[in-house]
2 protein chains.
Amino acid sequence: MNSFEIARLAGVSRSTVTRVINNYGNVHPKTKSKVLKVMEEYNYRPNATAKKLSSKKSNVVGLLVIKDIDQSSPSFLADAFFGPMIDTIIHSASKRGYRIMLDIKEENDKNILNLFHDKSIDAGIFLSWSNLQPTLHEAADLGYHCGVIDFDFAIERDDSIVVMDVSDKQSAYKATKYLIDLGHQHIGFITGIKSKRCSIERLEGYKSAHLESGLEVNECDIYEGFFNEVDGNAAVEKWMETGKLPTAIFAANDKMAIGALNALHKKGIRVPEDVSVIGYDDVILSQYTSPKLSTMKVPVSEMAHNLIHTLIDKLEGKEGVQKRRTFIAELVERESTAKLRKMKKK
Amino acid sequence: MNSFEIARLAGVSRSTVTRVINNYGNVHPKTKSKVLKVMEEYNYRPNATAKKLSSKKSNVVGLLVIKDIDQSSPSFLADAFFGPMIDTIIHSASKRGYRIMLDIKEENDKNILNLFHDKSIDAGIFLSWSNLQPTLHEAADLGYHCGVIDFDFAIERDDSIVVMDVSDKQSAYKATKYLIDLGHQHIGFITGIKSKRCSIERLEGYKSAHLESGLEVNECDIYEGFFNEVDGNAAVEKWMETGKLPTAIFAANDKMAIGALNALHKKGIRVPEDVSVIGYDDVILSQYTSPKLSTMKVPVSEMAHNLIHTLIDKLEGKEGVQKRRTFIAELVERESTAKLRKMKKK
DNA sequence: CTGAAAGCGCTTACAG
DNA sequence: CTGAAAGCGCTTACAG
């Protein structure tokens with residue numbers, strides 16, 4: 001059953017069937033209902049592939065997950081960020097009549113842009129923790145519509161790429177300010193790898209909150225970790241050894257915060273009574289620690305929603321689309337943070 | 001740039017270009033290299049859509065995530081099972097030349113099969129926690145190639161559907177047997193909702209291990225939970241109130257095991273010194289609890305790998321494909337289980 | 001509001 | 001081993 005058959009059965013031309021299928025409007029109501037009836041009766045479904053070929057538009061957006069070769073994370077999709085993002089992207093895209101093609105590649109794979117090259121997709125959203133700058137440039141230069149969620153605040157491109165980013169600086173500022181407002185004056189910061197831009201930004205946020213409140217920043221309160229649990233642990237141990245355990249700890253990600261939580265627990269230090277701990281990311285895990293971890297949540301769904309809509313606007317040629325938007329993480333108060341107690345166990 | 005142009009530039013016919021593109025073999029080496037050279041030179045990429053239309057094959061497999069309307073899980077993709085499964089599916093499919101189209105729908109959505117209807121996909125894999133029996137039947141009756149990972153052991157279909165399932169009974173048996181072998185004689189079981197087939201199966205496994213070892217099954221050692229943390233907690237509390245805390249606890253999923261872990265921790269009971277705890281699922285969380293949770297891991301990647309390959313075999317018309325395969329969960333020993341101590345704190 | 005014709009970019013028999 | 005022709009199932013101008 002194809003449009004030709006439908007046309008024949010409805011006594012019209014294929015052009016008219018096309019008009020009905022796509023709701024073009026310039027069809028006489030009677031003709032339209034006649035065609036619709038036949039389509040209904042024969043359970044006709046237009047062939048998506050034929051439509052793509054003739055209309056030169058796939059109505060498919062690629063979701064290009066680029067794996068970091070170093071980081072052997074078991075599954076990218078199970079990632080706290082990417083899961084909800086993909087979910088949102090699919091829903092929002094669907095409402096606009098777009099489908100999603102999912103691809104996973106390693107960062108050095110020569111075929112990353114294949115989906116673009118063979119015209120399988122109209123646009124692509126890149127999901128990755130690695131540096132996509134070169135790939136994005138290449139794609140944009142070829143005229144492909146690209147979008148990214150830039151956690152690293154690293155994409156320096158003109159407006160040919162749609163990018164949603166998070167200001168790590170402002171977010172870290174917000175977290176630190178929150179602890180200061182709780183009365184804490186001695187706040188430890190477990191930073192991420194310093195070579196990463198996001199680490200630098202977060203550190204700046206931590207510092208600027210101190211500065212603004214007239215608090216001194218002490219280098220020994222800053223511990224450099226590698227975004228994993230072990231380093232959260234190590235930070236606490238180091239501070240305890242030197243006898244300079246802060247009354248509040250801000251970790252640059254949840255994993256390190258959880259490591260700190262565990263270390264404190266082992267040492268018999270109560271959270272949040274003795275020490276407050278706040279993380280960053282709002283990984284699912286954070287809801288299951290005891291005490292439940294307070295943290296900074298990146299508004300991933302909102303970002304994903306904006307990204308896909310902007311990208312579709314762009315590829316559909318809509319004018320005056322704002323191609324870049326910056327978000328700030330939200331504070332999620334749970335059980336691991338509390339007001340500073342006056343009487344503190346030494 | 002299209003195949004016609006390539007043909008012209010290489011001085012051959014389009015048929016020959018097609019032969020080269022698809023590696024059909026019956027092309028003279030010299031002709032082939034000539035064509036390849038031109039394709040290379042002009043950076044030619046065959047249009048996937050045109051290929052699909054003419055070959056009547058999309059080389060796309062749909063990943064149909066069907067959401068349970070009751071269960072408002074934040075993100076299905078972040079699910080401990082679906083994440084790694086999708087990952088594996090994409091990789092395995094890619095090696096076979098297939099792409100993945102991802103769709104998320106609610107279980108009562110009338111458009112669940114749209115991707116099939118409009119010929120966007122050659123086959124579909126359903127991912128869901130809800131009962132897919134009706135949907136699968138409908139799809140199979142329409143001749144669509146379908147595959148499922150059946151955690152519920154509920155799909156009763158002939159071999160028109162490819163299904164990979166897990167024997168909950170054998171897996172639960174294995175977990176229980178493990179505890180018995182550690183010397184435990186008093187093993188509590190936190191079962192899941194009894195209306196779910198998987199719960200019944202797991203309970204049977206628990207019982208059969210007891211039977212086989214000559215141990216009695218005591219109804220008061222069985223607590224019915226709803227697969228969430230709170231119920232794991234409640235189970236422990238109930239057992240403590242009645243003074244009948246087992247020396248080992250087997251929970252029908254990790255969340256309940258974690259709940260039990262937390263409850264024991266609060267009561268000052270040491271794990272695994274006083275009580276052993278084992279879960280089921282091997283959720284990522286389990287690696288982060290303290291002590292780290294021993295659990296039963298469903299071999300999701302292996303299942304996904306088998307599923308996609310079998311499905312592709314089937315749609316490519318390969319003969320003698322085994323369309324159903326049953327897996328057993330693997331024991332993951334971590335820190336929450338240990339040999340029964342003779343001297344037990346009362 | 002409607003239709004005839006051409007075209008999208010490939011592949012598929014068929015013939016040689 | 002190679003080519004000419006027809007076709008996949010739609011949509012797109014164009015004409016009326």
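Every chain is numbered from 1, with letters handed out A, B, ... down the list of sequences. The model shown is predicted, which means the values in this text are computed figures rather than measured ones. Note that these values count all heavy atoms, side chains included, but never hydrogens, waters or copies made by symmetry.
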Using whole Å, what does the distance between atom [atom2] of nucleotide [N] and atom [atom1] of [X] come to?
X: B:Lys56; N: D:dG9; atom1: NZ; atom2: C1'; value: 8 Å
X: A:Asp118; N: C:dC8; atom1: CG; atom2: C1'; value: 15 Å
X: B:Arg45; N: C:dC8; atom1: CZ; atom2: C1'; value: 20 Å
X: A:His117; N: C:dC10; atom1: NE2; atom2: P; value: 15 Å
X: B:Asn59; N: C:dT11; atom1: CG; atom2: P; value: 11 Å
X: A:Glu5; N: D:dC8; atom1: CD; atom2: P; value: 11 Å
X: A:Lys52; N: D:dT11; atom1: NZ; atom2: P; value: 13 Å

**Message:** To the closest 0.5 Å, what do you measure between CD1 (A:Ile6) and CE (A:Met39)?
**Reply:** 7.0 Å
If you restrict it to nitrogen or oxygen atoms, what contacts under 3.5 Å exist between nucleotides 12-16 of chain D and the protein, and what is each distance?
| from | atom 1 | to | atom 2 | distance (Å) |
| --- | --- | --- | --- | --- |
| D:dT12 | OP2 | A:Tyr24 | OH | 3.0 |

Got [X] and [Y] here, is their nearest side-chain heavy-atom distance under 4.5 Å?
X: A:Ile125; Y: A:Val61; value: yes
X: B:Asp150; Y: B:Met164; value: no
X: B:Leu102; Y: A:Ile86; value: yes

**Request:** Kindly say if B:Lys57 contacts the phosphate of C:dT11, meaning a side-chain N or O under 4.0 Å from OP1 or OP2.
**Result:** no
**Prompt:** Would you say a side-chain N or O of B:Ser3 is under 4.0 Å from OP1 or OP2 of C:dC10?
**Reply:** yes
**Request:** Give one of base, sugar-phosphate or nothing for A:Asn26, where a contact means two heavy atoms less than 4.0 Å apart.
**Result:** base
**Request:** Classify the nucleic acid contact of B:Val12 as base, sugar-phosphate or nothing, counting any heavy atom under 4.0 Å across all strands shown.
**Result:** sugar-phosphate
**A:Leu53 vs A:Val27, nearer the 5' end of DNA chain C by closest nucleotide** = A:Val27
**Fill in**
Contacts satisfying ring-ring contact (aromatic ring centres under 6.0 Å, His included) that involve residues 22-50 of chain A (not counting sequence neighbours) are none
**Request:** Start with the C-alpha gap between A:Glu40 and A:Lys37, add the side-chain angles, then the distance that decides, and say whether salt bridge (Lys or Arg N to Asp or Glu O under 4.0 Å) holds.
**Result:** CA-CA 5 Å; A:Glu40 174 91 5; A:Lys37 201 182 143 219; over 6 Å; no
**Asked** Mapping B:Ser13 and A:Asn47 to their closest nucleotides on DNA chain D, which lands nearer the 5' end?
**Response** B:Ser13
**Message:** For Watson-Crick and G-U wobble pairs within 3.5 Å on both distances, what is DNA chain C written in dot-bracket notation, | included for inter-strand pairing?
**Reply:** |||.||||||||.|||
**Request:** For DNA chain D, determine which residues of residues 28-40 of chain A have any heavy atom closer than 4.0 angstrom to one of its atoms, and list them numerically.
**Result:** none
**Prompt:** Which listed nucleotide (C:dT11, C:dG9, D:dC10) is nearest to the side chain of B:Lys51?
**Reply:** C:dT11
**Asked** Can B:Asn23 and B:Lys32 be counted as having a side-chain donor-acceptor contact under 3.5 angstrom?
**Response** yes
**Message:** Distance alone, cut at 3.5 Å: any donor-acceptor contact between the side chains of A:Lys51 and A:Asn59?
**Reply:** no
**Request:** Mind checking side chain to side chain contact (heavy atoms under 4.5 Å, CB included) for B:Thr88 and listing every partner two or more places apart, or none if nothing turns up?
**Result:** B:Ser92, B:Ser301, B:Ala304, B:His305
**Request:** Tell me, with the steps shown, if B:Asp313 and B:Arg96 meet salt bridge (Lys or Arg N to Asp or Glu O under 4.0 Å).
**Result:** CA-CA 10 Å; B:Asp313 284 346; B:Arg96 293 266 229 140; 2.4 Å; yes
**Message:** Using the salt bridge (charged side-chain N to carboxylate O under 4.0 Å, His left out) definition, which of the options B:Lys323, B:Arg324, B:Arg325, B:Arg197 pairs with B:Asp165?
**Reply:** B:Arg324
I'd like a table of donor-acceptor pairs (distance under 3.5 Å, sequence neighbours excluded) in which one partner is a side-chain atom from residues 109-118 of chain B, with atom names and distances.
| from | atom 1 | to | atom 2 | distance (Å) |
| --- | --- | --- | --- | --- |
| B:Asp109 | OD1 | B:Asn111 | N | 2.7 |
| B:Asn114 | OD1 | A:Arg45 | NH1 | 3.0 |
| B:His117 | ND1 | B:Tyr144 | OH | 2.7 |
| B:Asp118 | OD1 | B:Ser120 | N | 3.1 |
| B:Asp118 | OD1 | B:Ser120 | OG | 2.6 |
| B:Asp118 | OD2 | A:Arg99 | NH1 | 3.1 |
| B:Asp118 | OD2 | A:Arg99 | NH2 | 2.9 |

